[in-house]
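Everything below concerns the one structure shown next.
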Amino acid sequence: MDQGRDKRKSGRRRTLFGGVLYAGDDAFDCSIADISELGAKVRTAAALEPGIQVDLKINKLNDIRRCKVMWAREGHLGLEFLVKIDKTKNRMQEFFKLVESQ
């Protein structure tokens with residue numbers, strides 16, 4: 001298997017969005033480094049373990065997503081959205097039009 005190969009199933013967009021991670025009763029500020037309709041990579045001081053579920057508030061899109069932590073390393077978390085973003089709804093259409101044109 002090619003270890004350098006990107007295994008993502010959808011295109012992603014690099015961002016500088018602010019956000020908040022909610023894990024139980026705790027809330028952690030984060031910055032969203034990249035996003036796709038299936039997930040996001042966030043930078044945070046939160047020490048969260050892979051496999052747990054969290055809520056991610058995406059400030060720029062005024063959206064909250066239920067996520068599963070897929071990986072954690074060096075101050076970053078890989079999150080998988082449990083319900084993918086519908087690219088045809090509201091402001092999402094404009095946002096993902098930008099993603100696909102890059």
Side-chain angles (χ1 to χ4, degrees):
M1 181 195 278
D2 182 8
Q3 292 182 355
R5 186 183 214 165
D6 191 345
K7 298 177 185 174
R8 288 176 184 83
K9 296 177 184 174
S10 65
R12 61 184 170 157
R13 176 182 179 197
R14 291 195 185 280
T15 67
L16 293 173
F17 297 165
V20 181
L21 280 171
Y22 298 97
D25 293 332
D26 297 319
F28 305 95
D29 287 332
C30 67
S31 58
I32 302 164
D34 69 47
I35 191 168
S36 74
E37 66 187 287
L38 301 175
K41 176 182 171 183
V42 300
R43 180 179 205 153
T44 182
L48 302 174
E49 296 293 321
I52 70 164
Q53 291 186 8
V54 298
D55 292 313
L56 172 64
K57 180 180 180 202
I58 307 167
N59 295 341
K60 175 82 172 176
L61 303 177
N62 195 28
D63 187 57
I64 295 180
R65 292 270 138 196
R66 188 73 169 159
C67 307
K68 180 178 178 182
V69 177
M70 300 304 291
W71 55 264
R73 65 179 164 268
E74 301 172 2
H76 289 89
L77 300 174
L79 303 176
E80 176 183 47
F81 298 142
L82 297 183
V83 175
K84 78 177 192 173
I85 293 175
D86 184 344
K87 295 193 307 185
T88 64
K89 298 257 175 142
N90 303 327
R91 297 176 58 204
M92 301 299 178
Q93 191 170 19
E94 294 171 29
F95 175 76
F96 281 101
K97 187 180 250 184
L98 291 172
V99 173
E100 291 163 357
S101 68
Q102 292 182 356

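Below, each value reflects all heavy atoms present in this structure, side chains not excepted, and no hydrogens, waters or symmetry copies. The structure presented is a predicted model; accordingly, all values stated were derived computationally and were not measured.
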Taking all heavy atoms of [X] and all of [Y], pick out the closest pair and write down the distance.
| X | Y | value |
| --- | --- | --- |
| Leu56 | Cys67 | CB-SG, 3.9 Å |
| Met70 | Leu79 | CG-C, 4.5 Å |
| Ala72 | Pro50 | N-CG, 4.2 Å |
| Gly19 | Asn59 | N-ND2, 3.5 Å |

- Task: Start with the C-alpha gap between Val83 and Arg65, add the side-chain angles, then the distance that decides, and say whether side-chain contact (heavy atoms from CB on, under 4.5 Å) holds.
- Result: CA-CA 7 Å; Val83 175; Arg65 292 270 138 196; 4.2 Å; yes

- Query: Checking side-chain contact (heavy atoms from CB on, under 4.5 Å) for the pair Val69/Glu49: CA distance, chi angles, key distance, verdict?
  - Reply: CA-CA 7 Å; Val69 177; Glu49 296 293 321; over 6 Å; no

[atom1]/[X] to [atom2]/[Y] distance, rounded to the nearest 0.5 angstrom?
| X | Y | atom1 | atom2 | answer |
| --- | --- | --- | --- | --- |
| Glu80 | Ser36 | CD | OG | 9.5 Å |
| Lys57 | Asp29 | NZ | CG | 10.5 Å |
| Ile58 | Phe81 | CD1 | CZ | 4.5 Å |

- Message: Is it the case that the side chain of Ser31 and the backbone of Val42 share a donor-acceptor pair, with hydrogens and angles ignored and the cut-off at 3.5 Å?
- Response: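 Absent.
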
- Trp71 side chain near His76 side chain, heavy-atom distance below 4.5 Å: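 Result yes, sub-4.5 Å side-chain heavy-atom pair found.
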
- Query: Going by heavy atoms in the side chains, are Leu21 and Leu77 under 4.5 Å from each other?
  - Reply: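 The answer is yes; the side chains approach within 4.5 Å.
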
- Residues that Arg66 engages under salt bridge (Lys or Arg N to Asp or Glu O under 4.0 Å), provided they are two or more places apart: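 Partners of Arg66 under the salt bridge (Lys or Arg N to Asp or Glu O under 4.0 Å) test: Asp55.
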
- Item | Co-members of the apolar cluster containing Val20 [side chain, <4.5 Å] |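 Taking Ile, Leu, Val, Met, Phe, Trp and Tyr as members, Val20 shares its hydrophobic cluster with Tyr22.
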
